[in-house]
Amino acid sequence: MLPSIRNTSLCLLVLAVSVPLCAQAADTHTKVQLYAAASMTDAMDAAIQSYEADHDVDIVPVYASSSTLARQIASGAPADVYISANEQWMDWLAEQKVPISQRVDLLRNRLVLIAPTTSDIDGFTPGDGTTIVSRLGDDQRLSVGETSHVPAGIYARQALQSIGEWDALQSRLASGDNVRAAMALVERNETPLGIVYQTDAEASERVKQIGVFPDDSHDPITYPLAVVNPTPSDATEAFRRWLTGDDALAIFARYGFTPVESD
């Protein structure tokens with residue numbers, strides 16, 4: 001009986017040791033945590049799918065407002081790469097002493113006025129005679145990203161101030177916590193008009209573009225990219241290089257983004 005007990009004990013010991021080792025091996029599978037502006041969701045999902053097809057790595061994206069992501073990173077969220085929809089929040093991270101490396105301006109976008117596809121509002125260029133407020137009913141609101149911190153909302157506020165409509169519309173805004181939330185209000189016909197990025201408008205079948213805001217009515221819509229992990233893995237470095245290369249830029253272009261290098 002004694003040898004049998006010893007053998008059983010040895011097997012249990014081996015099993016007890018091997019299970020944690022197997023779990024540890026599974027946990028070490030290469031991952032890259034990507035924090036990216038919500039407006040990049042469709043384009044980045046396509047880019048990730050393309051990259052993972054040729055690389056043994058899991059790209060784990062987190063999409064939200066650039067401000068939300070920046071605050072999470074500053075609070076210790078395990079991000080490797082961050083892409084903001086404006087320069088401000090990337091600068092803010094640096095001010096918070098978050099390690100920023102390999103920063104580059106990656107993409108540009110445009111700001112547009114949208115309506116539900118069923119809307120009978122005719123197209124017009126904001127600031128060129130026809131006013132946005134004149135296209136709203138008495139109790140209707142204009143959907144935008146939150147104008148105090150969401151990049152799309154910040155650009156919208158700048159544009160409305162530039163074309164002289166901020167005072168009339170400031171109290172009539174329906175604010176979303178990111179640009180996709182703002183667009184959702186228009187998609188659901190809860191607001192008759194909204195201000196989003198051109199790429200968002202092109203990604204939705206439930207909204208139509210009414211007009212494009214003049215580029216000089218707001219700051220350039222720039223998407224900076226940076227590594228935010230102080231000790232980036234080889235996989236992080238490789239993915240960051242790929243994002244700035246021709247293959248990734250071609251995917252982003254298909255979704256309406258303009259590479260900064262083509263400016």
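Computed over heavy atoms, backbone and side chain alike; hydrogens, waters and symmetry mates excluded. Numbers for residues simply follow the sequence, beginning at 1.
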Please collect all salt bridge (Lys or Arg N to Asp or Glu O under 4.0 Å) contacts where either partner lies in residues 134-148, sequence neighbours excluded, each pair once.
-> none
Excluding sequence neighbours, so at least two apart, what forms side chain to side chain contact (heavy atoms under 4.5 Å, CB included) with Thr147?
-> Val144, Arg157, Trp166, Leu173
Kindly state each residue pair satisfying salt bridge (Lys or Arg N to Asp or Glu O under 4.0 Å) with at least one member in residues 251-260, sequence neighbours excluded.
-> none
Under the ring-ring contact (aromatic ring centres under 6.0 Å, His included) test, residues paired with Phe239 that sit two or more places apart = Tyr51
Partner of Leu193 under side chain to side chain contact (heavy atoms under 4.5 Å, CB included), chosen from Ile121, Val133, Leu169, Ile114 | Ile121
Do the side chain of Gln140 and the main chain of Gly137 share a donor and acceptor less than 3.5 angstrom apart?
-> yes
How would you list, by chain and number, every residue that makes a side-chain hydrogen bond (donor to acceptor under 3.5 Å, both in side chains) with His218, sequence neighbours excluded?
-> none
Just jot down the ring-ring contact (aromatic ring centres under 6.0 Å, His included) partners of Tyr35, sequence neighbours excluded, or say none.
-> none
Using atom types as modelled, flag every donor-acceptor pair under 3.5 Å from a side chain in residues 42-49 to any protein atom, sequence neighbours excluded.
{"from": "Asp42", "atom 1": "OD2", "to": "Arg180", "atom 2": "NH1", "distance (Å)": "3.0"}
{"from": "Asp42", "atom 1": "OD2", "to": "Arg180", "atom 2": "NH2", "distance (Å)": "2.5"}
{"from": "Asp45", "atom 1": "OD1", "to": "Tyr63", "atom 2": "OH", "distance (Å)": "2.7"}

Donor-acceptor pair, Gln209 side chain versus Ala201 backbone, under 3.5 Å?
-> no
Nearest heavy-atom pair of Tyr82 and Ser66: which atoms, and what distance?
-> OH-O, 2.9 Å
Residues Phe124 and Thr131: closest non-hydrogen pair is CZ-O, 4.2 Å
Ala38 backbone acceptor or donor facing Thr41 side chain under 3.5 Å | yes
Considering residues at least two apart in sequence or located in another chain, which fulfil the side-chain hydrogen bond (donor to acceptor under 3.5 Å, both in side chains) criterion with Gln102?
-> Glu237
For Thr118, enumerate each residue passing the side-chain hydrogen bond (donor to acceptor under 3.5 Å, both in side chains) test, keeping only those at least two apart in sequence or located in another chain.
-> none
According to the salt bridge (Lys or Arg N to Asp or Glu O under 4.0 Å) rule, which pairs have a member within residues 87-101, sequence neighbours left out?
-> Glu87-Arg103, Asp91-Arg103
Taking Asn86 for its side chain and Trp89 for its backbone only, find out whether a donor-acceptor pair lies under 3.5 Å.
-> yes
Please, which pairs that meet salt bridge (Lys or Arg N to Asp or Glu O under 4.0 Å) have at least one residue in residues 203-228, sequence neighbours excluded?
-> Arg110-Asp215, Glu187-Arg206
So, Tyr155 and Ser217: side-chain donor and acceptor under 3.5 Å apart, yes or no?
-> no
Results of side-chain hydrogen bond (donor to acceptor under 3.5 Å, both in side chains) for Ser75 - residues two or more places apart only = none
